[in-house]
Amino acid sequence: MSAGRRHEPATIALTAVLGAIATIATLLLLAPTVVVIVLSFTNGFSLKFPPPGYSLRWYESLPDAFQLQYAVINSLKVASASTLLAVVLGVAAAMAIARSEKTMARVLDSFFMSPLILPALAFGLASLIYFSRIGIELSLRTLVIGHTVVGVPYVIRTTVAALSQLPPALLESSASLGASRTYTFRRVTLPLIAPGIAAGAFISFMSSFDNVPVSLFLRDASTDMLPIRMWQDLESRLDVSIAAVSSLMVLVTLVLMIVMERLTGISKRMR
Amino acid sequence: MNTAVVKGPPATGYSLAFASPLAAFFVLFFLAPLLLLIVISFYATPDLKSFGLDQYIKIATDGFTLPVLADTLWLGVQTTLLCLVLGYALAWSYVRSPRTMQKVLMLIIVMPLLTSVVVRTFAWVVILGRQGIVNSMLMEMGWISGPLKLLYTRGGLIVALANVQLPLMALPLITALQKLDPNLEDASSALGASALRTFVRITLPLTLPGILAGCLLTFAASITAFISQSLIGGGQMLFMPMYIYQQASSLQNWPFAAAISLVFLIAVMACVALFNALGRLSRGHIAD
């Protein structure tokens with residue numbers, strides 16, 4: 001309808017300026033991933049970019065880094081356990097607050113969401129002091145507890161969103177056809193909200209796997225966690241093998257992302 | 001037909017009791033630690049022997065803590081503004097792109113959210129380093145004779161933080177722009193408004209809730225970005241998260257660490273409240 005106006009110089013200028021800024025933004029988003037992947041194939045010992053030549057030597061040296069594997073295993077253990085706990089506690093809570101009109105439900109909702117906004121480092125310190133005062137020794141268990149608190153909001157957010165998109169007529173008709181509440185939940189509600197739960201679980205898992213501020217305080221000296229290990233390595237020496245580890249992590253993330261996008265449409269659930 | 005009155009909540013709702021396991025978990029492992037943090041901050045000495053306001057007096061008078069806090073908040077403002085400019089243009093282009101392009105763009109936008117922060121920050125160390133891509137490009141083109149110092153500078157830190165936090169800004173803006181009725185823009189231009197005028201008077205105000213939501217997320221994430229701040233900022237710049245960590249971990253001064261954590265936390269919550277109030281105001285303004 002206004003096709004004629006769209007070609008005015010001012011329109012073209014605005015589109016050009018916003019388009020140029022958007023291109024810069026896209027490059028900014030892509031740059032780190034591309035750089036890390038290219039660099040991991042260098043044949044040199046330094047982080048010179050572009051690399052002098054290419055080889056697989058840094059990938060070949062990875063299996064020898066035993067301590068790194070130990071850190072990976074710890075991170076996987078904690079992320080799996082805390083995600084499981086966050087899903088069980090979070091889905092139940094999401095069901096309670098999703099469609100409730102009560103003030104209490106809104107209060108609980110903000111309470112459960114608050115770990116997203118509070119500085120995680122302050123929570124990590126608070127938990128360390130708490131566990132040491134009540135006499136619980138730091139272990140993988142304390143890490144799981146801390147990570148669960150930080151991961152639960154993601155599960156609740158995606159599950160509540162999935163529940164509120166559920167047509168109430170479906171549940172009412174299931175009930176009026178004589179199904180019990182448990183049966184309706186198992187056969188109607190759960191299958192329909194499963195993608196939402198899966199998306200929340202995935203984000204919660206990734207946030208735990210990548211957590212530094214809480215882990216810094218809640219691990220004991222012998223518990224190595226992958227991101228902390230990488231961070232400390234980076235502070236002391238800049239090693240190319242970290243680029244290889246990073247590239248593997250990017251690759252795994254990318255594959256998981258695409259799988260999750262297919263299964264749950266995760267990019268829509270993160271908004 | 002519907003005479004069988006269902007006792008309790010309707011079929012679509014569930015009892016609030018379902019939330020009680022998580023509520024108990026949060027009281028025990030989230031609320032109680034935070035309350036204890038408040039108590040600890042009122043101890044006068046690191047050995048936790050006597051109570052007093054000593055830590056807060058120290059914060060107010062040492063001439064060091066408050067500037068670090070102000071600088072941290074200022075870093076958040078700078079990063080948020082850069083993210084807003086980049087993120088708005090990105091979201092604006094996204095909603096105008098064809099469908100397949102949108103899918104690729106969405107992957108590019110979401111991917112960083114799920115990539116390890118350590119990995120992304122490490123990449124910026126490589127990009128900004130003395131032998132990094134920016135320096136070698138500039139030297140090859142003969143624009144500079146020696147490598148520039150980019151790493152461990154504030155500018156470098158802001159760019160790296162903007163990269164890490166950009167998705168948090170872009171996603172709410174995309175949602176806000178998608179909700180915008182395209183007829184409004186057409187109507188505005190049909191009535192003779194220039195493209196710029198339409199953008200400033202129609203598009204920007206109507207997406208204000210999205211802008212505020214994005215700014216809130218970006219701001220909160222930037223000021224608490226411990227890893228990026230420590231790796232890109234290096235030892236030269238000190239921000240609140242590292243300051244808290246040093247006091248708690250290396251110096252074992254729990255009362256002081258607790259007190260500065262709480263001051264930081266209150267500052268963050270005050271900013272959140274401010275953004276929320278602005279958000280309500282902007283929604284009310286649009287409703288008129």
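Note on naming: letters A, B, ... go to the chains in the order of the sequence lines (proteins, then strands), and numbering restarts at 1 for each one. Side chains are part of it too, since the values below use all heavy atoms of this structure and drop only hydrogens, waters and symmetry mates. Note that the structure is predicted; figures quoted are calculated from it, not measured.
Looking only at heavy-atom pairs under 4.5 Å with chain B, the residue among A:Ile24, A:Leu121, A:Val250 that has the most is A:Leu121. Interface remark: of the candidates B:Ala32, B:Ala160, B:Pro112, B:Ser20, B:Ala32 forms the most heavy-atom pairs closer than 4.5 Å to chain A. By number of non-hydrogen pairs under 4.5 angstrom with chain B, the leading residue of A:Val88, A:Thr253, A:Ile258 is A:Thr253. Interface summary for chain A: among B:Leu28, B:Ile109, B:Ile260, the most heavy-atom pairs under 4.5 angstrom belong to B:Leu28. With chain B as the partner, the residue from A:Phe112, A:Phe202, A:Phe131, A:Phe209 showing the most heavy-atom pairs under 4.5 Å is A:Phe112. In terms of non-hydrogen atom pairs under 4.5 Å with chain B, the most contact-rich of A:Ile228, A:Leu39, A:Val152 is A:Val152. Heavy-atom pairs under 4.5 Å with chain B were tallied for A:Val149, A:Val35, A:Leu14; the largest tally goes to A:Val149. In terms of heavy-atom pairs under 4.5 Å with chain B, the best-connected choice from A:Val91, A:Leu234, A:Thr189 is A:Leu234.
The shortest heavy-atom contact between B:Ala258 and A:Leu125 is N-CD2, 4.0 Å. Contact detail for B:Ser93 and A:Leu18: the closest heavy-atom pair is OG-O, 4.0 Å. Of all the heavy atoms in B:Leu37 and A:Ala122, the pair that sits closest is CD2-O, 4.1 Å. Scanning all heavy atoms of the two residues, the minimum distance from A:Met206 to B:Leu114 falls at CE-O, 3.4 Å. Between B:Val118 and A:Pro227, the shortest heavy-atom contact is CG2-O, 3.7 Å.
In this structure, A:Phe217 and B:Tyr245 have perpendicular ring planes: the angle between them is above 60°, well past the 30° mark. Taking the six-membered ring for Trp and thresholds of 30 and 60 degrees, B:Phe29 and A:Tyr130 have ring planes more than 60 degrees apart, a perpendicular arrangement. Under the 30°/60° scheme for interplanar angles, the aromatic rings of B:Phe26 and A:Phe111 are found to stand perpendicular.
Heavy atoms of B:Met137 lying under 4.5 Å from chain A are absent altogether.
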(request) Could you please spell out the steps behind the side-chain contact (heavy atoms from CB on, under 4.5 Å) verdict for A:Ile21 and B:Tyr88? (result) CA-CA 9 Å; A:Ile21 301 174; B:Tyr88 206 97; over 6 Å; no
(message) Run A:Ile97 and B:Tyr14 through side-chain contact (heavy atoms from CB on, under 4.5 Å) and show every step you take.
(response) CA-CA 8 Å; A:Ile97 57 183; B:Tyr14 293 91; over 6 Å; no
(message) Under the criterion side-chain contact (heavy atoms from CB on, under 4.5 Å), I'd like the reasoning laid out for B:Leu16 against A:Met104: C-alpha separation, chi angles, the key distance, then a yes or no.
(response) CA-CA 8 Å; B:Leu16 265 186; A:Met104 191 58 193; 3.8 Å; yes
(request) Walk me through it: do B:Val126 and A:Val36 pass the test side-chain contact (heavy atoms from CB on, under 4.5 Å)? (result) CA-CA 8 Å; B:Val126 176; A:Val36 164; 5.9 Å; no
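Residues A:Trp231 and B:Thr121 have side chains that never bring a donor and an acceptor to within less than 3.5 angstrom of each other.
A:Asp210 places a side-chain N or O within 3.5 Å of a backbone atom of B:Val117 that can act as its donor or acceptor partner.
Within 6.0 Å of CD in B:Gln252 there are more than 12 heavy atoms belonging to other residues, nucleotides or ligands.
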